[in-house]
Amino acid sequence: MLKLTYLISVITVFFGICASLSIPENTENTVNEKFLDDPKYLNYDELTNLFKQLESEYPNLVHLTSAGKSVRNRELWALEINANVQNRSLLTPMFKYVANMHGDESLGRQLMVYLALYLIKNYGKDERVTKLVNTTDIYIMPSMNPDGFENSEEGLCESKPKYVGRENENGKDLNRDFPDQFEPTRIGTILSGRQPETVSMITWIISRPFVLSGNLHGGAVVASYPYDNSNTKRHCCKESKSPDNELFKTLALTYSQPHPLMRDGKACKNDNFDRGITNGAFWYELQGGMQDFNYIHSNCFEVTFELSCCKYPEAKTLPQEWYNNKESLLRYIESTHWGVKGLVTDTKGEPVLDADVVVTGINHNITTSNRGEYWRLLLPGQYEMYASAFGFLPSDKTFVTVTAGHTEIQNFQLNRIPQENVKGNGKTAGLSQKESNWYWKN
Ligand SMILES: *[C@@H]1O[C@H](CO)[C@@H](O)[C@H](O)[C@H]1NC(C)=O
Ligand SMILES: *[C@@H]1O[C@H](CO)[C@@H](O)[C@H](O)[C@H]1NC(C)=O
Ligand SMILES: *[C@@H]1O[C@H](CO)[C@@H](O)[C@H](O)[C@H]1NC(C)=O
Ligand SMILES: [Zn+2]
């Protein structure tokens, strides 16, 4: 039985991947890509103006938000794009792209501008875009390190001396500044000593129910998935697998396969990545990265995409780079809809917050949002699931079959345990389950 289920899931995973890799009908005739006519990188002021203008032109589709400020008081802009942007509909999943945390890795930053324009200008015209924007709450952050970008120089393929531009204004590498899974974390010290950009991102990530994320870098061409380190402090060359390793591999392939250079894994000198993907720690280990932080401390799954050998390629390459990445960028957003989603409620139909949604055999829970929603990314196959929350009896276990290209809905109803029988004080007041786990670790 176990073996048969396994075989079925292997087969469905295989066909699921094949199905998702076929290139859709060419929609080139209907799409508007005028933004490529005069390719140039937008600086902070130009980006700010464009985003404000888009928000005022498309108030029902676009909402300009900021995750916080940089050292030099620049906003970490994130453009939210969704057909219900004023009020996310129940169970619409949230997606984010974050680019340019290394300020001199600039290609992803400008591709985010193009992606935003592409989604906005083609909404209601192109069916695929319309469907994506109808069903997904998309956040696009072109720069998490706007100060570093202003200190960088177009055409420089490597970082400047002392990593000026890569690092933030205080000379800190933001992709080493997040709480690490192997670092002891104590209550009250999580944010202290961290850079303003990092503090903003930590707060933003843990306070919103993001489901999936892409973290865009440069200096290589590969999709790199968690974990980025192990507890052995080696330099490289051994995988550090998360409980969702197979899913992460497939997510990484979703980006690498449609990319004409990434999929071969040999785009840059000395590169040799199998199918254009790698486990982060297998490639090289790093402490305090954002990718693992997302997975360990929130419900969001993040994969890192390295987009160009040259960190800050000349602007004339931008149209070609847009075409190289466009299909990957769209397909990766579409994968936000893989797996199972639903509501966890009590017997009166009220949402249960911070409930654990458990998948047997995967040692990584998802917790419900403050509206009782959950999204569990899963590959095609059959899974046993249940929900559990403090003060409630766990739900019955139920089997759910996940198929490719379709989101399964599975709701759970929980029975409250009579108050006098509830022992202990549960979780820390005001903190989500993930956060309280994190605060009390060590
Ligand atoms: C937002 O939508 C939900 C249902 O999806 C509704 O219950 C709520 O009242 C709405 N809030 C606002 C401010 O419109
Ligand atoms: C998108 O949503 C609008 C408004 O609900 C609807 O009219 C349209 O058919 C949807 N289009 C697609 C492709 O989902
Ligand atoms: C997942 O949730 C269940 C039920 O609350 C709990 O017993 C288990 O320890 C949790 N697993 C992890 C990895 O947090
Ligand atoms: Zn980088």
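All ligand and atom numbering here is 1-based and tracks the order in the structure.
For Asp346, the salt bridge (charged side-chain N to carboxylate O under 4.0 Å, His left out) partners are Arg416, not counting sequence neighbours. For Phe149, the ring pair (Phe, Tyr, Trp, His ring centres under 6.0 Å) test picks out Tyr312, with sequence neighbours left out.
Interface of Asp356 with ligand 3, defined as ligand atoms under 4.0 Å from a residue heavy atom, comprises 2 (O), 4 (C), 5 (O). Heavy-atom contacts of Asn363 reach the following atoms of ligand 3: 13 (C) (cutoff under 4.0 Å). Atoms of ligand 3 found under 4.0 Å from any heavy atom of Ser388, numbered from 1 in the order shown, are 4 (C), 5 (O).
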Under 3.5 Å, N/O to N/O: give me all the pairs between ligand 2 and the protein, one per line with atom names and distance.
from, atom 1, to, atom 2, distance (Å)
ligand 2, 2 (O), Asn134, OD1, 3.0
ligand 2, 2 (O), Asn134, ND2, 2.3
ligand 2, 11 (N), Asn134, ND2, 3.0
ligand 2, 14 (O), Asn134, ND2, 3.0

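Side-chain contact check for Tyr255 and Asn325: at least one donor-acceptor pair (N or O, by modelled atom type) lies under 3.5 Å.
Cysteine sulfur proximity is not satisfied for Cys309 and Cys157, their SG distance being 2.5 angstrom or more.
In this pair, Phe293 and Phe178 present their aromatic rings tilted. The plane angle is within the 30 to 60° band.
Protein-derived N/O/S atoms nearer than 2.8 Å to the Zn ion (ligand 4) total 4, waters excluded.
The pair Arg128-Glu334 meets the salt-bridge criterion, with a side-chain N (NZ, NE, NH1 or NH2) lying under 4.0 Å from an Asp/Glu carboxylate O.
Cation-pi geometry between Lys96 and Tyr139 is not met: the NZ or CZ atom fails to fall both under 6.0 Å from the ring centre and inside 45° of the normal.
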